Amino acid sequence: MRVGIDSLSLYTPGYYLDLALLAERRNTPLLKYVKGIGQERMAVPAPDEDVVTMGANAALQTLEGIDRTQIDTLIFATESGVDQSKAAGIYVHRLLGLPSRCRTFEVKQACCSSTAALQMALASVALKPSRKALIVASDVARYGFGSAGEPTQGAGAIAMVVSAHPRLVEIHPACGSYTEDVMDFWRPNYMNEAVVDGKYSIKMYLKALMESWHAYCEEGGMALGEFSRFCYHLPFTRMAEKAHRHLVRNTGTNLSAEQQAAQIDDTLIYNRLIGNCYTASLYVGLLSLLEGGERDLGNQHVGMFSYGSGCMGSFFGGTVQPGYRALLHARRHRDMLQAREALTFERYEAFYNHVAQRDGSDYQNPRNHTGAYRFAGVSDHKRLYETLNAPADQPVEAPADGDFVKV
Ligand code: COA
């Protein structure tokens, strides 16, 4: 039974900060961000954007042309969830009008829960091939203001439909994983920003990569030389270069620096402009590879490594399906990135400091540029999501009951 990714879409907020502005404010050479870390811009969510609105916007696109009644599972992967109990996917389920018989739940393990969700969905579809599963991975990567992690922030979501006889990427059965209890990155419930030991997290990423690779080999996976491209979890794009060099060197593979770069370069295009999207990052890289490269990758094998701090890693592979290009939304994704508004540093700071009120009182979010959905505010401890019909430049003064999805 061939199972895998049938469609894949990306959504990222309508605002970004050019890292040249950040470099100036942080008194840091811009080359450190652009070359040393490999980032040029970072997506910044407006106050009326959250993991639900980003996820719903990505899913809206990925479901185009797909019969929604066939979706029997929605798995929402995030590490910037909006509720301790209710799955963010339930809001998305309602916003998208998915069938009530579709089970919906949220999964968590830092940046790699999206891959756990993918593996669960593959197993489910393999059991019953008439089923389709929708995976939404959505996150806001937020580090301390002025911290070393600040230039690696970002925000975005991917949504993918998993099916039998997939039209984009068949995922192979072998998957090697590794788990170890370490404190390299975490976010306690009482904090809005992650606590991170950056250098240690890179070390653990590389350790988890090799351990996952060895487990993958023991599972009967492909030889390294059989893959033509590699997608890595991208906390920042230089990480892929470090990871690939590490894997190549430690497997005794003979590849020049240029050959190594050719195997990962197209996976980095989108991330360089968006920044880290935690759970979505690996799949933003995969989409960047499929949409960004000149060469047709039909029938080529792609190796993928997912890492989630704390930590867990998984290495697995897939085969790009012939004719995949006709199914991509490349033009729309490029237009979305180009249409974003550049923030001044002051506006970035204002967006950053807008932390949802946590004292339980009601509030309304001002209207900014968003996609088809926005987070309008909170009333009686309930999050209010609005489906937009009016153009984004027509401000919504106050949320009226009838305009909102109340749960
Ligand atoms: N020109 C070019 N490169 C420069 C430079 C300059 N002027 N100044 C520094 N650099 C290079 C450094 O040499 C280094 O490259 P290297 O990794 O090849 O040695 C790179 O830029 C980063 O510099 P460094 O001093 O190590 O950065 P930092 O202390 O600010 O921390 C991170 C970088 C990634 C650890 C930090 O951004 C972070 O904590 N990020 C969040 C956590 C994370 O992403 N973890 C990854 C695993 S999940």
Side-chain angles (χ1 to χ4, degrees), residues 17 19-20 22-43 77-80 108-115 137 139-156 178-187 191-212 231-249 257 260-261 264 267-268 271-272 274-285 304-315 352:
L17 183 72
L19 291 193
L22 187 67
E24 197 182 304
R25 292 297 176 120
R26 301 298 177 230
N27 202 18
T28 298
L30 179 57
L31 269 185
K32 174 174 174 181
Y33 294 162
V34 176
K35 295 277 180 220
I37 292 175
Q39 296 303 126
E40 291 170 23
R41 295 176 174 180
M42 64 190 197
T78 188
E79 54 178 310
S80 27
K108 179 170 70 180
Q109 186 1 68
C111 302
C112 74
S113 62
S114 45
T115 295
D139 265 306
V140 177
R142 186 181 157 93
Y143 294 97
F145 200 67
S147 71
E150 187 181 31
T152 69
Q153 294 178 126
Y178 177 74
T179 296
E180 185 180 341
D181 183 4
V182 293
M183 300 301 278
D184 58 336
F185 171 111
W186 65 105
R187 184 165 68 85
M191 288 182 71
N192 292 315
E193 296 86 37
V195 185
V196 60
D197 182 341
K199 299 279 160 49
Y200 184 44
S201 72
I202 293 172
K203 198 172 146 195
M204 287 313 306
Y205 181 121
L206 296 176
K207 180 178 179 189
L209 168 61
M210 290 318 301
E211 296 290 346
S212 300
C231 295
Y232 290 91
H233 165 53
L234 297 171
F236 53 96
T237 64
R238 268 299 303 294
M239 189 66 228
E241 186 193 316
K242 287 174 191 284
H244 199 45
R245 190 174 56 215
H246 192 74
L247 182 63
V248 165
R249 187 189 298 138
Q260 289 180 40
I264 59 168
T267 72
L268 312 179
N271 185 286
R272 217 185 281 283
I274 296 173
N276 194 357
C277 309
Y278 291 159
T279 51
S281 283
L282 169 62
Y283 302 95
V284 173
M304 290 172 257
F305 176 65
S306 189
Y307 176 73
S309 289
C311 73
M312 183 189 143
S314 288
F315 191 99
Y352 182 94

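Start at 1 and go down the list; that is how both ligands and their atoms are numbered. None of the values given here were measured: they were computed from a predicted structure.
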Considering both backbone and side-chain atoms of [X], is one of its nitrogen or oxygen atoms within less than 3.5 Å of a nitrogen or oxygen in ligand 1?
X	value
His233	no
Ala148	yes
Tyr205	no
Tyr307	no
Arg238	yes

Is any side-chain heavy atom of Asp197 less than 4.5 Å from a side-chain heavy atom of Met183?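 Answer no - side chains too far apart.
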Are any of the side-chain heavy atoms of Cys111 and Glu79 separated by less than 4.5 Å?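 Yes - at least one pair of side-chain heavy atoms lies under 4.5 Å apart.
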Just which atoms of ligand 1 are under 4.0 Å from any heavy atom in Tyr143?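 The atoms of ligand 1 under 4.0 Å from a heavy atom of Tyr143 are 41 (C), 42 (C).
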What atoms of ligand 1 come closer than 4.0 angstrom to any heavy atom of Thr152?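 Answer, ordered by atom number: 37 (O), 40 (N), 41 (C).
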Does the protein place any heavy atom closer than 4.0 Å to atom 13 (O) of ligand 1?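 It does not; no protein heavy atom is within 4.0 Å.
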Just say parallel, tilted or perpendicular for the rings of Phe185 and Tyr278, cut-offs at 30° and 60°.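 Plane angle over 60°, so perpendicular.
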Using a heavy-atom cut-off of under 4.0 Å, does the side chain or the backbone of Met204 touch ligand 1, or both, or neither?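 The answer is neither; Met204 stays 4.0 Å or more away.
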Counting heavy atoms only, which part of Phe185 comes closer than 4.0 Å to ligand 1: side chain, backbone, both or neither?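 For Phe185, there is no contact with ligand 1 at all, from either part.
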Heavy-atom nearest neighbour of atom 20 (C) of ligand 1 within options Gly36, Ser201, Pro29: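 Shortest heavy-atom distance from atom 20 (C) of ligand 1: Gly36.
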Residue selection (non-hydrogen contact nearest atom 2 (C) of ligand 1) among Ile202, Asp184, Leu31, Asn276: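 Heavy atom nearest to atom 2 (C) of ligand 1 belongs to Leu31.
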Looking just at side-chain N and O atoms, do [X] and [Y] make a donor-acceptor pair shorter than 3.5 Å?
X	Y	result
Asn271	Thr237	no
Thr115	Tyr283	yes
Thr152	Asn276	no

Quick one: does NZ or CZ of Arg238 land under 6.0 Å from the six-membered ring centre of Tyr232, within 45 degrees of the ring axis?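 Verdict for Tyr232: no cation-pi partner in Arg238.
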